[in-house]
S.K.: 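One structure is given below, represented as structure tokens, and several questions about it will come after.
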Amino acid sequence: MLMRKIVAKYVFIATLVASTLASKEPLAQVSRSPVAPRRELVEAVVREAYDKFKGDTNGKNADYIPYLAEVDSKLFGVAVVTTDNQVFTLGDVKYSFSIQSISKVFTLALAMEELGPNKVFEKVGSEPTGRPFNSPLAVVDMPTHTGNPLVNAGAIATTSLISGNNAEDKWNKILSFYGKAAGEKLLLIDEVYKSEAATNTGNKALSMLLAKYDRIYANPFESVDIYTKQCSVGVNAVQLARMGATLANNGVNPLTGEQVIKREDIPYILSTMTMAGLYDGSGGWAWHVGLPAKSGVGGGIVAIAPGKGAIAVFAPPLDDAGNSVKAQEVIDYVAQKLSYNLYSPSSVGLK
Ligand code: DON
């Protein structure tokens with residue numbers, strides 16, 4: 001009797017060990033984010049959104065930068081990159097458009113790499129302005145003058161914090177940092193740069209105002225020129241989604257595995273995106289969508305679902321605040337369908 005019990009016990013343990021060894025979950029899965037989404041689900045929802053909004057002709061290309069007025073306003077691309085580097089794409093995802101204001105997020109990340117979050121907060125701050133992205137009134141009115149790193153004035157101040165022996169050094173450092181976040185080398189779109197450099201009197205005026213208040217930390221016009229170059233970097237929707245996925249993945253690029261941004265800096269970046277990523281449209285965006293995102297007047301928006309991934313949409317026509325109309329619609333739809341709103345307990349699985 002006792003013998004039979006001992007044998008049964010060993011048979012049970014052996015079966016347990018064998019079934020664990022035979023488990024289909026490979027070891028590599030151990031490092032996979034526990035909240036990375038299922039492929040079929042995301043693919044289906046992104047396709048629904050793409051089909052639903054592709055006919056929307058609302059909005060208008062930015063035209064204060066002459067090059068942008070000429071971009072085909074029918075271009076429309078959607079890319080999702082997850083924290084475990086699954087990639088889904090639809091539409092014009094190979095077209096390289098200018099990153100514009102989305103660059104501000106990554107220069108902020110680089111400034112924090114160099115100076116740490118406390119210094120960046122002291123030098124630039126993180127207060128929503130409630131005004132258009134290029135507002136000189138915000139510089140005059142706000143106690144910090146810089147507002148936050150995602151409006152033009154704060155972004156120019158943030159760019160001025162990047163160290164280097166000369167302007168060329170600083171620019172190369174910024175471009176190479178963006179490339180690490182994208183997982184591949186990125187290039188300047190020279191025509192965009194020339195078009196913006198010839199017309200950016202407003203940004204030069206902002207840099208002079210910042211100088212008046214002692215809130216710019218290098219030569220003002222040199223800083224505006226580097227900032228203009230960073231806005232003219234070309235990205236396609238997949239590269240942009242991967243830059244976003246690097247933020248979603250605690251600063252580790254899901255393609256290269258490189259820790260590009262310090263893990264502890266991510267919450268500062270994402271909270272700033274929530275407050276100011278869509279400028280004076282940020283409050284409405286947080287209310288409806290509840291995801292940190294950043295727009296650019298080139299027509300791109302990237303939104304971050306922390307731990308899960310990022311969605312980038314490119315469609316040039318913009319609303320009055322300077323945010324792509326179709327990009328907002330697609331991201332809003334996908335976020336609702338997948339319960340990604342960060343402020344909803346359902347986003348972490350609570351039924
Ligand atoms: O400085 C500017 O006005 C442009 N290079 C960037 C502005 C921008 O993208 C605002 N975005 N919605």
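Starting from 1, each residue takes its place in the sequence as its number. Note that ligands are numbered from 1 as they come in the structure, with each ligand's atoms numbered from 1 the same way. Because the structure is predicted, anything quoted here is derived from the model rather than measured.
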S.K.: Does an N or O from Phe133, backbone or side chain, lie closer than 3.5 Å to an N or O of ligand 1?
M.R.: no

S.K.: Please confirm whether the ring centroid of Phe76 lies under 6.0 Å from the ring centroid of Phe53.
M.R.: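 Centroid separation for Phe76 and Phe53: 6.0 Å or greater.
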
S.K.: Within the structure provided, determine whether Ser207 and Tyr227 are in side-chain contact (heavy-atom separation under 4.5 Å).
M.R.: no

S.K.: Among all protein non-hydrogen atoms, which one is nearest to atom 1 (O) of ligand 1, and what is the separation to 0.1 Å?
M.R.: Tyr227 OH, 2.6 Å

S.K.: What I want to know is whether Tyr64 and ligand 1 share at least one N or O pair that is separated by under 3.5 angstrom.
M.R.: yes

S.K.: Exactly one of Val334, Ile311, Asp92 should register a side-chain contact (heavy atoms from CB on, under 4.5 Å) with Val78. Which one does?
M.R.: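 Only match with Val78 under side-chain contact (heavy atoms from CB on, under 4.5 Å): Ile311.
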
S.K.: Of all the atoms in ligand 1, which lie at a distance below 4.0 Å from a heavy atom belonging to Gly296?
M.R.: 9 (O), 11 (N), 12 (N)

S.K.: Looking only at N/O atoms, are Asn323 and ligand 1 under 3.5 Å apart anywhere?
M.R.: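 By distance alone, the answer is no.
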
S.K.: Decide whether Ser223 and Lys170 meet the rule of one side-chain donor and one side-chain acceptor closer than 3.5 Å.
M.R.: no

S.K.: Please indicate whether any nitrogen or oxygen in Glu196 is less than 3.5 Å from any nitrogen or oxygen in ligand 1.
M.R.: yes

S.K.: Any side-chain donor-acceptor pair under 3.5 Å between Lys294 and Tyr279?
M.R.: yes

S.K.: By the definition side-chain hydrogen bond (donor to acceptor under 3.5 Å, both in side chains), identify the one residue from Thr159, Asn152, Asn148 that meets it with Lys104.
M.R.: Asn152

S.K.: What's the shortest distance from atom 11 (N) of ligand 1 to any protein heavy atom, and which residue and atom give it?
M.R.: Tyr279 CE1, 3.0 Å

S.K.: Which protein heavy atom lies closest to atom 4 (C) of ligand 1, and at what distance to 0.1 Å?
M.R.: Gln100 OE1, 3.2 Å

S.K.: Below a 4.0 angstrom heavy-atom separation, can you tell me which part of Asn203, side chain or backbone, both or neither, approaches ligand 1?
M.R.: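 For Asn203, only side-chain atoms sit under 4.0 Å from ligand 1.
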
S.K.: Could you tell me, atom by atom, which parts of ligand 1 come under 4.0 Å of a heavy atom of Cys231?
M.R.: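 Close to Cys231: 5 (N).
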
S.K.: Does any N/O atom on Gly322 come nearer than 3.5 Å to any N/O atom on ligand 1?
M.R.: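 Yes; at least one N/O pair falls below 3.5 Å.
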
S.K.: Asp332 and Gln336: side-chain donor and acceptor closer than 3.5 Å?
M.R.: yes

S.K.: Out of Val252, Asn253, Leu247, which residue meets the side-chain contact (heavy atoms from CB on, under 4.5 Å) rule with Asn249?
M.R.: Val252

S.K.: Does even one non-hydrogen atom of Asn152 get within less than 4.0 Å of ligand 1?
M.R.: yes

S.K.: Nearest protein heavy-atom contact for atom 7 (C) of ligand 1: which residue, which atom, what distance?
M.R.: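 Here the nearest protein heavy atom works out to Ser101 OG, 3.0 Å.
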
S.K.: Under a 4.5 Å cut-off applied to non-hydrogen side-chain atoms, are Leu161 and Glu114 in contact?
M.R.: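 Side-chain contact under 4.5 Å: no.
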
